[in-house]
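Heads up, the thing below is written out as structure tokens.
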Protein chains: 2
Amino acid sequence: MILTRERIIETTIEVLRKYGPQKTSVTDVAKVLGVSHGTIYRHFENKAALKEAVLGIWLKEHARNLERTPFDASAGRAGVEGWIKRLVMLKHDLYHADPELFDMYTELTAEAAEAVEDHLAELVTQLETRIALAQRTGSVTTAMSAREIAEGLFYGTARFHHPTLSFEWRSDTIHDQFEVVTQLLFRALEP
Amino acid sequence: MILTRERIIETTIEVLRKYGPQKTSVTDVAKVLGVSHGTIYRHFENKAALKEAVLGIWLKEHARNLERTPFDASAGRAGVEGWIKRLVMLKHDLYHADPELFDMYTELTAEAAEAVEDHLAELVTQLETRIALAQRTGSVTTAMSAREIAEGLFYGTARFHHPTLSFEWRSDTIHDQFEVVTQLLFRALEP
DNA sequence: AAAATGACAAAATTTATAATTTGTCATTTT
DNA sequence: AAAATGACAAATTATAAATTTTGTCATTTT
């Protein structure tokens, strides 16, 4: 079996799940793959690059997932609201399903600022697209640009999707808080 | 000179500022006060209680500081906006003035959940008061209750005042992000 | 010739050990 | 009698030594 970048990444994810992020070494991954650790360095610049690749897979999966949020074509503003609510729901579900794994990715996130920046930019752009569409149908104000609104909605809801704040998502009032914030933000979008 | 709870707290703050949070021991504080460390345990249950007391002073100081935000009496909505902007400005200034001290208080915050909850409740109530006033003058919508609006504004701006996210306040786009979020939120308040 | 290896130095982490700090309380001081 | 002390064990933290991991590269294998 040929050793590919993909197979290394897959195995790394496996080892990461098993031993946790701080307990995983390149040597461990090589051992599981049955190769010498030097070989891995022929596929990845260094350990950080390998971890970034793993994070990249995870982020891309989520971006794709969000992109598939059904458009509520008849109501432009509802399409925007659906996207935001899906973003928050996905994050919360992921967190509650396996907090330790979630924390692990949050940790990786801190080390790979660039990959995260790209990811956030993509999310804001997805949102922007939906807003621009809703503006064209007249269901969202044009007093601000689609991009400005997208950033406003995204950062205004940060408390509910920023992984660093996930430790507060256990609170039993978090959902009400999200409700009231979205109520305000979407009131602002009315033309 | 009599040894009071207050004098111990004052000295603790002093030592904390001088040696940093992780380098400060009860023994150090006692040494500066010129007493034995056992004496301090006659005034505080344990080290955690002492640290909580220090945090309490800090939080109270900020609540008082915020309460003093000038009312822009002529324009009710502006008074609300002034309060939120002051909240964010105070936190950012504090952070940039001495990130290590700020991190220390953030750390204390995680250990004294109760004191923090009370503090947040007080802040939201301060905001609620101003909103209720603005509603009476007709410059803020009455479609939502003053309390709901207060929570919405507070949690909608969390990214800009939640201490756990302070590590992102260095970004050169943070101010623009705050601008666009407040623009949206205060648009929502129009009657 | 391309892919993989494993020996190696430097860096990072873990483990073992020493030193300090926390919290208690019987005793001393005011 | 109230306040403060300081000796003490347990817990925590700092320091030093040993081990592992990272990343390179000359050599070997396919």
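A note on names: the letters A, B, ... follow the listed sequences, proteins ahead of strands, and every chain is numbered from 1. Since the structure is predicted, the reported quantities are computational estimates derived from the model, not experimental observations.
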Scanning all shown strands, the Watson-Crick or wobble mate of D/dT28 with both distances under 3.5 Å is C/dA3

Here the distance between atom P of C/dA3 and atom CZ of A/F44, to the nearest Å, is 15 Å

Regarding the side chain of B/H37, the nearest nucleotide among C/dA4, D/dT22, C/dT24 is C/dT24

Here the distance between atom C1' of C/dT21 and atom CG of B/N46, to the nearest Å, is 14 Å

Please report the C-alpha distance between B/L59 and B/L55 in whole Å, then the side-chain angles of each, then the deciding distance to 0.1 Å, and finally whether the side-chain contact (heavy atoms from CB on, under 4.5 Å) criterion is met. CA-CA 6 Å; B/L59 293 178; B/L55 178 65; 3.9 Å; yes

Separation between CG (B/L90) and CG (B/L66), nearest 0.5 Å, reads 5.5 Å

* Under 6.0 Å between the ring centres of A/H161 and A/F154? -> yes

Could you tell me whether the side chain of B/D103 reaches within less than 4.5 Å of the side chain of B/S166, counting heavy atoms only? yes

Checking D/dA4, C/dT21, D/dG23 against the side chain of B/D28 (C-beta onward), the nearest is C/dT21

Nearest-nucleotide check on DNA chain D, A/K31 vs A/G38; residue mapping nearer the 5' end is A/K31

In whole angstroms, the gap separating C1' of D/dC25 from OH of A/Y41 amounts to 14 Å

Could you tell me whether B/F178 and B/W169 have their ring centroids closer than 6.0 angstrom?
no

**Request:** Ignoring backbone atoms, establish whether A/T27 has a side-chain N or O less than 4.0 Å from OP1 or OP2 of D/dT22.
**Result:** yes

C/dT15 -> Watson-Crick or G-U wobble partner, both distances under 3.5 Å, gives D/dA16

Between A/S36 and B/E45, whichever has its closest DNA chain C nucleotide further toward 5' is A/S36

As its Watson-Crick or G-U partner within any shown strand, both distances under 3.5 Å, D/dC8 has C/dG23

Rounded to whole Å, NZ of B/K47 lies from P of C/dT24 at a distance of 15 Å

Atom NZ of A/K51 and atom C1' of C/dA12 are separated, to the nearest Å, by 12 Å

Here the distance between atom P of D/dT22 and atom CD of A/E111, to the nearest Å, is 12 Å

To the nearest angstrom, the CG-C1' distance between B/L3 and D/dA3 comes to 10 Å

Query raised in the report: Base, sugar-phosphate alone, or nothing: which one does A/T39 contact when heavy atoms must sit under 4.0 Å apart?
Result: base

From CD1 of B/I8 across to P of C/dT22 the rounded distance in Å is 14 Å

Winner on side-chain proximity to B/H43, out of D/dA4, C/dG23, D/dT21, is D/dA4

By nearest-nucleotide position on DNA chain C, the 5'-leaning member of A/R42 and A/Q22 is A/R42

